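Counting begins at 1 with the first residue of the sequence. Each ligand, and each atom within it, is numbered from 1 in the order the structure gives. Hydrogens, waters and symmetry mates are skipped; everything else that's a heavy atom, side chains included, is used. Here the structure is a predicted model, which means the values were calculated and not measured.
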Amino acid sequence: MVAETMDIKITRKADSGSVKLDWDNLTFGRVFSDHMFVMEYSDGEWTNPEISEYADLVLSPATSVLHYGQSFFEGMKAYRTSSGEVQLFRPEENAKRFNVSARRMCMPEVPVDVFIESLKSLIEIDKEWVPKKDGCALYVRPFMIATDPYVGIKPSGTYKFIIFTCPVGAYYSEPVKVKIETEYSRAVKGGTGFAKAAGNYAGALYPAKIAQEKGYGQLIWTDAFEHKYIEEAGTMNVIFQIGDTLITPVSSDTILASITRRSVVDIARDWGYKVEERKVLVSEVIEAIGAGTLTEAFGAGTAATIAQISLINCDGLDYDLPPVENRAFSNKVKLELENIKYGKIEDRFNWMLKV
Ligand SMILES: *Cc1c(COP(=O)(O)O)cnc(C)c1O
């Protein structure tokens, strides 16, 4: 299938739910736009692309995704500019990462142009659902599931590629206290950590819950072998500033390659900051806190853009980090990214795609 010949069957919902929405009190992920996109895979090809009313799926209890988790997703946002246009942030990067996940999960790829065309068509139809207020956005959730009604363990022969969207409010997060995890692991070398595979998130829930019971909002994941190197912060990549240098764990097969993190690095380099993408020792971060040279620590991801870390727990000890107000780089880069996304400054990296 190629985008030019894609013939999406469209069935519009009679009257839009957007008029009844409480736009001033948007939360995350519980209210869905009118329509969804569904495309089916069988006999080695994608067929029946369709946009219709958002509705429940009907699945056999034997459906393989429900048992063996052959499933993965993407997460991205569409933003409304002050002139009323709607635009996506680097959607081709999501499309490429979608296929990286697909390959690892033994699932069919969706051609990048088909992925983009599907996204644009769906958002176009539900344009009214893209919030008009600054800081708010339309969250977009593309995903794929294995749909063979078969309980044997093998790659499914049939799949569904689905996209739905939800209007979301401005994501304000209190600076978060994090615990460096040294018992459980999110990902291992040779595993699925670099894919947005559903099972990765299920496996992370229990360790995160234990940390939350102790008062830590997130985990800092470390390498599964020695728990010596920092990998990610919850479901975000992580960046530190030590002295005049930004330091961030290099993307590998245990780290999900965040598009936000890469964009932060691109902007930092453009501004002339020194950036090191490499293995980051837990010990060097703790030593830098002690020496007073660590000035910034934050997570990077689509949901929050930048999520400040206020405290790090390591081996039973709590280390307070410098006040968030003093963090020149992360505050500045957050604003810069938002200005690009909402079309308030020139898109000098050519990141935005108009719907
Ligand atoms: C999605 C995700 C991220 C963030 O990626 P973005 O492209 O910046 O949204 C980071 N880590 C994990 C584990 C993720 O699933």
| So which pairs with a foot in residues 243-278 pass ring pair (Phe, Tyr, Trp, His ring centres under 6.0 Å), sequence neighbours left out? | Tyr273-Phe329
| query | Got a sec, which pairs hit ring pair (Phe, Tyr, Trp, His ring centres under 6.0 Å) with one end in residues 12-37, sequence neighbours left out? | reply | Phe28-Tyr139, Phe32-Tyr54, Phe32-Phe164, Phe37-Phe161
| Partner residues of Trp46 under the ring-ring contact (aromatic ring centres under 6.0 Å, His included) criterion, sequence neighbours left out | Tyr41
| Amino acids contacting ligand 1, non-hydrogen cut-off under 4.0 Å | Arg97, Arg186, Lys196, Tyr201, Glu232, Thr235, Met236, Asn237, Leu256, Ser258, Ile259, Thr260, Gly301, Thr302
| said: Between Leu321 and Gln308, is there a side-chain heavy-atom distance shorter than 4.5 Å? | reply: no
| request: Output yes when Lys228 and Asp223 qualify as a salt bridge under the 4.0 Å nitrogen-oxygen rule, no when they do not. | output: no
| query | What distance do Ile116 atom CD1 and Leu88 atom CG have between them, rounded to the nearest 0.5 Å? | reply | 7.5 Å
